[in-house]
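Residue numbering restarts at 1 for every chain, and letters A, B, ... go by the order of the sequence lines.
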Protein chains: 2
Amino acid sequence: MTSPRPSLDATQLGAYFALIEASSLLKHAVEQQLREAGDLSYVQFQLLATLGDSPTGSQRMTDLADGVVYSRSGLTYQAQTLEKRDLVTRTPSSDDERSTTVTITDEGRAVLARVFPGHIAVLDDLLFAPLSRSDIETLADILARARDHMRRTPPRSAEPRRRKKTTGTTQAP
Amino acid sequence: MTSPRPSLDATQLGAYFALIEASSLLKHAVEQQLREAGDLSYVQFQLLATLGDSPTGSQRMTDLADGVVYSRSGLTYQAQTLEKRDLVTRTPSSDDERSTTVTITDEGRAVLARVFPGHIAVLDDLLFAPLSRSDIETLADILARARDHMRRTPPRSAEPRRRKKTTGTTQAP
DNA sequence: GCGATGTGCTTCGGATTCGAAGCAACTGAG
DNA sequence: CTCAGTTGCTTCGAATCCGAAGCACATCGC
């Protein structure tokens, strides 16, 4: 098991901390802007943006949760909140009776349009300002690779639900 | 104010989304490992690591909060939690009576040592695996610049508390 | 058909967050 | 010294988040 891994070197540590810090700082800043501009939380914005981006303007709950890296229960909560504000509608799917389809409303699109300019402004000022064109391209490339890899690699014990048979040793799978 | 900013181009959007997604995925994975290995939340780990890294093993509450990008009240909560588990101690500073100094205990260091190997393993497997040496260096460099810039640039209305007089305008000091 | 298993979503309970307000200690001008 | 303004931390209340458990529909094998 845990092969004797030495400590990370300075560069790796630097990359890791910089990633966490940069995303935290950015997220906080964006969160504030969204709250002021449209009274949206970050997740709510992500959800609306994801829906708005979709060709049909709708998505299944589960796919939506996957897309924004959120727990399903957390998504239910946020979807209810958005529904109360009439920014999305939720209807049972015709295919699968147990599946719920979430769709963005015109009002949802309006809110999205209202907060977007400020959102972009924050990104420009905070994230992109100190970076060159090629920096941004490089960053996008590297992080996209990392993300895709993580998407493919389940986080070390993440069965969809509960593995049933077998005594399911808590030990090393 | 908001100068008429057009939309972001594809590369910028890609960089932004990749940053958010990658950090979210990584954080989730790390969180799970920390929970299993030492029953620590991500913040708690960050706090212990920050303290362990400090030459004296202690820090003021506020500096600690700044370091991990956290609210002060949130830090109070976590510090209390850690204190209950005897992983840190909190003592009033001798200099400033109102200041609290947090110090990591031997047991805190022990927990840190226990979770660290697994922590590094997750980073290696998820974040660094798909990246080359030079990728990591580049990533560290770019993100460090972005982070430093954000640290310097208050998020568009975030005075520490209430600005008193001085330059008055929120403009350039 | 009919039950066993799997999947999609929600509810429930508990933990963690943050911002605003409050308290106590420091600092500087008069 | 004394008072007003600041700063360091905590408390309070409300919002958000997650995992586990539960409910309802779907699908597969018999």
Whole-Å distance, K27(B) NZ to dC17(D) P, equals 11 Å
Taking only residues two or more places apart in sequence or in another chain, which ones pass ring-ring contact (aromatic ring centres under 6.0 Å, His included) with Y16(A)? H119(B)
Does D39(B) have any side chain to side chain contact (heavy atoms under 4.5 Å, CB included) partners at least two apart in sequence or in another chain, and if so, which? R35(B), R85(B)
Quick one: side-chain hydrogen bond (donor to acceptor under 3.5 Å, both in side chains) partners of D141(A), sequence neighbours excluded? R145(A)
Just the rounded figure in Å: distance from P of dG19(D) to CG of D39(B). 14 Å
Any donor and acceptor pair, going by atom type alone, linking the side chain of Q78(A) with main-chain N or O of L75(A) inside 3.5 Å? no
Would you classify S73(A) as touching base, sugar-phosphate or nothing, given that sugar-phosphate means primed atoms plus P, OP1 and OP2, and contacts are heavy atoms under 4.0 Å? base
D9(B) meets the side chain to side chain contact (heavy atoms under 4.5 Å, CB included) criterion, sequence neighbours left out, with R133(A), T11(B), Q12(B)
What heavy-atom pair brings M150(A) and L26(B) nearest, and what distance separates the two atoms? SD-N, 3.8 Å
R60(B) side-chain N/O to dG8(D) phosphate OP1/OP2 under 4.0 Å: yes
Are any protein N/O atoms closer than 3.5 Å to N/O atoms in nucleotides 26-29 of chain C? If there are, list each pair with its distance.
unit_1  : atom_1 : unit_2 : atom_2 : d
dC26(C) : OP1    : E97(B) : N      : 3.0

S99(A) vs dC9(C): side-chain N/O to OP1/OP2 distance below 4.0 Å: yes
Spacing of R72(A) atom CZ relative to dG22(D) atom P, expressed in whole Å: 19 Å
Side-chain atoms of S71(B) come closest, of dT10(D), dC18(C), dC18(D), to dC18(C)
When you measure from the side chain of S99(A) to the backbone N and O of D95(A), does any donor-acceptor pair fall under 3.5 Å? no
Check whether any side-chain N or O of T62(A) sits under 4.0 Å from OP1 or OP2 of dC9(C), and answer yes or no. yes
Between atom CD in Q46(B) and atom P in dT16(C), what is the gap in whole Å? 14 Å
Compare the minimum distances between each of dT10(C), dT10(D), dC18(C) and the side chain of M61(A), then state the nucleotide with the smallest one. dT10(C)
How many whole angstroms separate atom CD of Q44(A) from atom P of dA15(D)? 12 Å
Nearest whole angstrom, please: distance from the C1' of dA15(D) to the NZ of K84(A). 12 Å
Using a cut-off of less than 4.0 Å, is there contact between a side-chain N or O of R35(B) and OP1 or OP2 of dG19(D)? no
With distance as the sole test, does S23(B) use its side chain to make a donor-acceptor pair with the main-chain N or O of I20(A) at under 3.5 Å? no
Please list, by residue number, the residues of residues 75-83 of chain A whose heavy atoms come closer than 4.0 Å to an atom of DNA chain D; answer none if no residue qualifies. Y77(A), Q78(A)
Nearest-Å distance for atom pair OH/P, residues Y70(A) and dC9(C): 18 Å
Between atom CZ in R90(B) and atom C1' in dG8(D), what is the gap in whole Å? 12 Å
Can any side-chain N or O of D135(B) pair as donor or acceptor with the backbone N or O of S132(B) at less than 3.5 Å? yes
Does S58(B) reach the main-chain N or O of T101(B) with its side chain, forming a donor-acceptor pair under 3.5 Å? no
